[in-house]
Amino acid sequence: MNENDKPASWHGAQMDFTKSMSYGDYLALDEVLSAQHPRSPDHNEMLFIIQHQTSELWMKLMLHELHAALLRMQQDDLPPAFKMLARVARIMDQLVHAWDVLATMTPPEYSAIRPYLGQSSGFQSYQYREIEFVLGNKNAALLSVHTAAPENHQRLMATLHAPSIYDEAVMLLSRQGLHIDADRLAVDRTLPTVANESVKQAWLEVYREPSKHWALYELAEKLVDLETAFRFWRFRHVTTVERIIGFKTGTGGTAGASYLKKMLEIVLFPELFALRTAL
Ligand code: HEM
Ligand SMILES: N[C@@H](CC(=O)c1ccccc1NC=O)C(=O)O
């Protein structure tokens, strides 16, 4: 094209990237876009792969935000933590809506791919497991899935032993002068969150006088927002799974949809929901 033929609107656009960083360079697009390797001859496997890879990318960002929020909470620096937690909840909403794309895949379409998945399953997603752990749904037994990948195992082990976001919120309540039982503060971090009466009473004080405890009130609502989004994700997972494979056993070895249904009963931040009945 002749220089004079360029429309005025992009006349000054940079065209030569032999010596400078381009869009694709900055985003490492060659790496990202060459990481899709369908194993079946089926057209729909690309959807299945990209759906999972994009979910894992969003999970990577969720963990980035959650770990940063944990740090801010430890430092009593709540406003930046609020922003991070709000972002995590919005990412979760995004993943909730992403199910609409996957649900365009019918049972016969998925059946063409499934034999090629072997025993692989989302159950083995180490980023997902870490998100569950950071949010307090600890389960040491699930670590053994990752023994073959020592780095992932190590990281999960560290998160298993560290305080969860909710443990940090409970410690904040205590630092702000609200009474929390000593045994709740010294709880075994490797176990899932268990409801505690002193925590419920402390949150009740916050909700009965928000203006006195505004930052804690805001934190509580951010956590409720996040748990609500997480519950929607679990629900969309199980309904999409039931729609596509019915009640077949999972490739990961669980009972499948009935295992996922059981997971709908999990309450991440129990006292934050329990207190509502008492208000
Ligand atoms: C056709 C679509 C899908 C089907 C049929 C499906 C099926 C299942 C089943 C049956 C399980 C139970 C574990 C097992 O025995 O395999 C499971 C777990 C899981 N799946 Fe999916 N899934 C689908 C899509 C997805 C997507 C898009 C994600 C997003 C990353 C995902 C993430 C997970 C996770 C994280 C678990 C573990 C849940 C837990 O332990 O609480 N799945 N899936
Ligand atoms: N558990 C699924 C397989 C599955 O969905 C899957 C397999 C490999 C990679 C990601 C997957 N997604 C979520 O579990 C099944 O039983 O069909």
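Numbering of residues begins at 1 and proceeds along the displayed sequence. Only a predicted model underlies this, so the values are computations on that prediction, with no experimental measurement involved. All ligand and atom numbering here is 1-based and tracks the order in the structure.
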Subject >> Subset of ligand 2 atoms that lie under 4.0 Å from at least one heavy atom of R114 >> reply: 15 (C), 16 (O), 17 (O)
Subject >> Cation-pi geometry met for R236 and F230 (6.0 Å, 45°) >> reply: no
**OP:** Give the numbers and elements of all ligand 2 atoms closer than 4.0 Å to a heavy atom of G250.
**Re:** 16 (O)
**OP:** Around atom 2 (C) of ligand 2, find the nearest protein heavy atom and jot down its residue, atom name and distance.
**Re:** T251 OG1, 3.3 Å
**OP:** Might you confirm whether atom CD of Q119 has over 12 heavy atoms from other residues, nucleotides or ligands at distances under 6.0 Å?
**Re:** no
Original post:
Looking at M59, which atoms of ligand 1 are within less than 4.0 Å of one of its heavy atoms?
Top reply: 30 (C)
Original post:
What are the atoms of ligand 1, with element, lying closer than 4.0 Å to any heavy atom of M263?
Top reply: 41 (O)
**OP:** Could you tell me the residue and atom name of the protein heavy atom closest to atom 3 (C) of ligand 1, and the distance to it rounded to 0.1 Å?
**Re:** V241 CG2, 4.2 Å
Subject >> R90 and D225: CA distance, side-chain angles, deciding distance, salt bridge (charged side-chain N to carboxylate O under 4.0 Å, His left out) verdict >> reply: CA-CA 9 Å; R90 297 295 75 77; D225 236 23; 3.7 Å; yes
Subject >> Nearest candidate to atom 38 (C) of ligand 1, where distance is taken over non-hydrogen atoms, out of F247, W99, Y128 >> reply: Y128
Original post:
Does ligand 1 have a heavy atom under 4.0 Å from the side chain of L102, from its backbone, from both, or from neither?
Top reply: side chain
Subject >> Heavy atoms of other groups near R234 CZ, more than 12 under 6.0 Å >> reply: yes
**OP:** Name the orientation class of the two ring planes belonging to W233 and H237 (parallel below 30°, tilted from 30 to 60°, perpendicular beyond 60°).
**Re:** tilted
Original post:
In terms of heavy-atom contacts, does NE2 of H43 have more than 12 from other residues, nucleotides or ligands at under 6.0 Å?
Top reply: no
**OP:** Tell me, please: is R114 in heavy-atom contact with ligand 1, that is, under 4.0 Å?
**Re:** no
**OP:** Provide the number and element of each atom of ligand 1 under 4.0 Å from a heavy atom of F48.
**Re:** 1 (C), 2 (C)
Original post:
Of Y259, F123, Y110, which has the heavy atom at the shortest distance from atom 39 (C) of ligand 1?
Top reply: Y259
Original post:
Which residue holds the protein heavy atom closest to atom 15 (O) of ligand 1, what is that atom called, and what is the gap in Å?
Top reply: T254 OG1, 2.7 Å
Subject >> Shortest protein heavy-atom distance from atom 7 (C) of ligand 2, along with the residue and atom involved >> reply: S120 O, 3.3 Å
Original post:
Of the listed options (K248, E109, H237, H52), which comes nearest to atom 22 (N) of ligand 1 when hydrogens are ignored and any heavy atom counts?
Top reply: H237
Original post:
To the nearest 0.1 Å, how far is atom 12 (N) of ligand 2 from its closest protein heavy atom, and which atom is that?
Top reply: H52 NE2, 2.7 Å
Original post:
When you look at CZ of R276, are more than 12 heavy atoms from neighbouring residues, nucleotides or ligands closer to it than 6.0 Å?
Top reply: yes
**OP:** Can you establish whether the number of heavy atoms outside Q14 located under 6.0 Å from its atom CD is more than 12?
**Re:** yes
**OP:** State whether the shortest distance between N or O atoms of G252 and N or O atoms of ligand 1 falls below 3.5 angstrom.
**Re:** yes
Original post:
In terms of atom number and element, which parts of ligand 2 are under 4.0 angstrom from non-hydrogen atoms of L117?
Top reply: 3 (C), 7 (C)
Original post:
Do any N/O atoms on S121 end up under 3.5 angstrom from N/O atoms on ligand 1?
Top reply: yes
Subject >> Numbering as shown, the atoms of ligand 2 that approach Y110 to under 4.0 Å (heavy-atom distance) >> reply: 2 (C), 3 (C), 4 (C), 5 (O), 15 (C), 17 (O)
Original post:
Does R129 reach ligand 1, in the sense of a heavy atom lying below 4.0 Å from it?
Top reply: yes
Original post:
atom 11 (C) of ligand 1: which protein heavy atom is closest, and how many Å away?
Top reply: L260 CD1, 3.9 Å
Subject >> Per atom 10 (C) of ligand 1, closest listed option by heavy atom (A255, G256, S125) >> reply: G256
Subject >> Heavy atoms from other residues, nucleotides or ligands near CD of Q154 exceed 12 (cutoff 6.0 Å) >> reply: no
**OP:** Please indicate whether any nitrogen or oxygen in G122 is less than 3.5 Å from any nitrogen or oxygen in ligand 2.
**Re:** yes
Original post:
Only one of T254, V238, V241 clears side-chain contact (heavy atoms from CB on, under 4.5 Å) with Y259; which?
Top reply: T254
**OP:** Mark yes or no for whether E45, through its side chain, and S40, through its backbone, hold a donor-acceptor pair below 3.5 Å.
**Re:** yes
Original post:
For the residue pair F17 and Y23, is the inter-centroid distance of their aromatic rings smaller than 6.0 Å?
Top reply: no
Original post:
Within a radius of less than 6.0 Å around CZ of R243, do more than 12 heavy atoms belonging to other residues, nucleotides or ligands occur?
Top reply: no
Original post:
Only one of F82, Y207, W203 clears ring-ring contact (aromatic ring centres under 6.0 Å, His included) with Y217; which?
Top reply: Y207
Original post:
Quick one: does T249 get an N or O within less than 3.5 Å of an N or O on ligand 2?
Top reply: no
Original post:
Among protein heavy atoms, which sits nearest to atom 6 (C) of ligand 2, and what does the distance come to when rounded to 0.1 Å?
Top reply: F48 CZ, 3.6 Å
Original post:
Is ligand 2 under 4.0 Å from a heavy atom in the side chain of K248, in the backbone, in both, or in neither?
Top reply: neither
Original post:
Between the side chains of Y126 and E56, is a donor N or O closer than 3.5 angstrom to an acceptor N or O?
Top reply: no
Subject >> Pair Y110 + F48: ring centers closer than 6.0 Å >> reply: yes
Original post:
Considering only heavy atoms of M105, which atoms of ligand 1 have at least one such atom less than 4.0 Å away?
Top reply: 1 (C)
